[in-house]
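Right, one structure below, let's go through it.
Just the heavy atoms: all of them, side chains too, but no hydrogens, waters or symmetry mates, feed the values below.
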Amino acid sequence: MSHDGTNGSRPAEISRFRENFNYIVGGIIAWGLIGWLLDFLLDTRWIWIVGALLGAVAGYYLAFLHRKDRATRPVRGADE
(Lines give C-alpha, C1' and ligand atoms only; values in the text may rest on other atoms or scores of the structure.)
Protein backbone atom coordinates (compact mmCIF):
# COMPACT_ATOMS: atom_id res chain seq x y z
CA MET A 1 0.00 0.00 0.00
CA SER A 2 1.16 3.50 -0.69
CA HIS A 3 1.18 6.37 1.77
CA ASP A 4 -2.28 7.56 0.70
CA GLY A 5 -3.96 4.22 1.40
CA THR A 6 -4.30 3.05 -2.19
CA ASN A 7 -2.73 -0.02 -3.72
CA GLY A 8 -0.27 1.97 -5.80
CA SER A 9 -2.28 2.31 -9.02
CA ARG A 10 -2.22 6.11 -8.83
CA PRO A 11 1.50 6.44 -9.72
CA ALA A 12 0.97 4.04 -12.62
CA GLU A 13 -1.89 6.21 -13.90
CA ILE A 14 0.25 9.33 -13.61
CA SER A 15 3.11 7.58 -15.40
CA ARG A 16 0.78 6.46 -18.19
CA PHE A 17 -0.62 9.99 -18.52
CA ARG A 18 2.87 11.49 -18.58
CA GLU A 19 3.98 8.99 -21.22
CA ASN A 20 0.97 9.79 -23.43
CA PHE A 21 1.50 13.50 -22.89
CA ASN A 22 5.19 13.28 -23.84
CA TYR A 23 4.51 11.33 -27.02
CA ILE A 24 1.71 13.69 -28.09
CA VAL A 25 3.62 16.89 -27.34
CA GLY A 26 6.74 15.49 -28.98
CA GLY A 27 4.75 14.63 -32.10
CA ILE A 28 3.16 18.07 -32.20
CA ILE A 29 6.53 19.78 -31.88
CA ALA A 30 8.34 17.57 -34.40
CA TRP A 31 5.66 17.52 -37.08
CA GLY A 32 4.66 21.12 -36.41
CA LEU A 33 8.25 22.18 -37.10
CA ILE A 34 8.33 20.06 -40.25
CA GLY A 35 5.08 21.70 -41.35
CA TRP A 36 6.46 25.14 -40.51
CA LEU A 37 9.54 24.44 -42.62
CA LEU A 38 7.35 23.29 -45.52
CA ASP A 39 5.25 26.43 -45.11
CA PHE A 40 8.41 28.51 -45.34
CA LEU A 41 9.67 26.66 -48.41
CA LEU A 42 6.34 26.55 -50.24
CA ASP A 43 5.19 30.03 -49.17
CA THR A 44 1.98 28.78 -47.54
CA ARG A 45 0.47 29.34 -44.09
CA TRP A 46 -1.56 26.20 -43.30
CA ILE A 47 0.75 23.18 -43.52
CA TRP A 48 2.08 23.61 -39.95
CA ILE A 49 -1.47 23.10 -38.62
CA VAL A 50 -1.80 19.84 -40.55
CA GLY A 51 1.65 18.82 -39.32
CA ALA A 52 0.77 19.57 -35.70
CA LEU A 53 -2.49 17.59 -35.94
CA LEU A 54 -0.72 14.73 -37.67
CA GLY A 55 1.94 14.81 -34.94
CA ALA A 56 -0.68 14.63 -32.18
CA VAL A 57 -2.38 11.65 -33.79
CA ALA A 58 0.93 9.92 -34.50
CA GLY A 59 2.11 10.58 -30.93
CA TYR A 60 -1.03 9.06 -29.48
CA TYR A 61 -0.68 6.06 -31.78
CA LEU A 62 2.95 5.55 -30.74
CA ALA A 63 1.96 5.75 -27.06
CA PHE A 64 -0.76 3.16 -27.71
CA LEU A 65 1.72 0.81 -29.43
CA HIS A 66 4.21 1.27 -26.60
CA ARG A 67 1.59 0.40 -23.96
CA LYS A 68 0.42 -2.59 -26.00
CA ASP A 69 3.98 -3.87 -26.40
CA ARG A 70 4.71 -3.42 -22.71
CA ALA A 71 1.52 -5.29 -21.75
CA THR A 72 2.35 -8.32 -23.92
CA ARG A 73 6.04 -8.50 -23.03
CA PRO A 74 6.79 -11.17 -20.39
CA VAL A 75 7.92 -9.90 -17.03
CA ARG A 76 11.66 -10.32 -16.61
CA GLY A 77 12.68 -12.52 -13.71
CA ALA A 78 9.19 -13.93 -13.11
CA ASP A 79 10.33 -17.53 -13.76
CA GLU A 80 13.42 -17.29 -11.59
Side-chain angles (χ1 to χ4, degrees):
M1 288 237 203
S2 65
H3 67 279
D4 62 353
T6 62
N7 63 359
S9 64
R10 181 99 171 118
E13 290 174 14
I14 292 172
S15 175
R16 191 174 317 133
F17 171 77
R18 187 176 298 153
E19 182 178 312
N20 286 345
F21 181 78
N22 288 341
Y23 273 110
I24 292 169
V25 170
I28 290 171
I29 290 171
W31 285 100
L33 285 173
I34 291 170
W36 176 77
L37 179 63
L38 287 173
D39 275 340
F40 180 75
L41 293 173
L42 300 174
D43 197 27
T44 60
R45 303 185 87 189
W46 57 271
I47 298 175
W48 73 270
I49 297 171
V50 174
L53 290 174
L54 178 68
V57 171
Y60 183 78
Y61 181 67
L62 284 175
F64 169 75
L65 289 178
H66 192 218
R67 270 194 327 271
K68 182 179 167 187
D69 180 53
R70 190 180 297 157
T72 60
R73 185 180 300 157
V75 177
R76 222 177 168 159
D79 294 334
E80 295 175 5

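- Considering CZ of Phe17 and CG of Asn22, their distance stands at 9.5 Å, rounded to 0.5 Å.
- Hydrophobic clustering (ILVMFWY, side-chain heavy atoms < 4.5 Å, transitive): Leu54 and Leu42 are in one cluster.
- Among all heavy-atom pairs drawn from Thr44 and Leu38, the shortest one is OG1-O, 4.4 Å.
- Each of Ile29 and Ile24 belongs to its own hydrophobic cluster when Ile, Leu, Val, Met, Phe, Trp and Tyr are linked at side-chain heavy-atom distances under 4.5 angstrom.
- No chain of hydrophobic side-chain contacts below 4.5 Å, direct or via other Ile, Leu, Val, Met, Phe, Trp or Tyr residues, connects Ile28 to Leu62.
- One finds the OG1 atom of Thr72 at 12.5 Å from the CZ atom of Arg67 (value rounded to the nearest 0.5 Å).
- Criterion: ILVMFWY side-chain heavy atoms under 4.5 Å apart, direct or through other members. Under it, Leu33 and Val25 are part of a common hydrophobic cluster.
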Without placing hydrogens or testing angles, list every side-chain donor-acceptor pair under 3.5 Å for residues 45-52, not counting sequence neighbours.
from, atom 1, to, atom 2, distance (Å)
Trp48, NE1, Arg45, O, 3.4

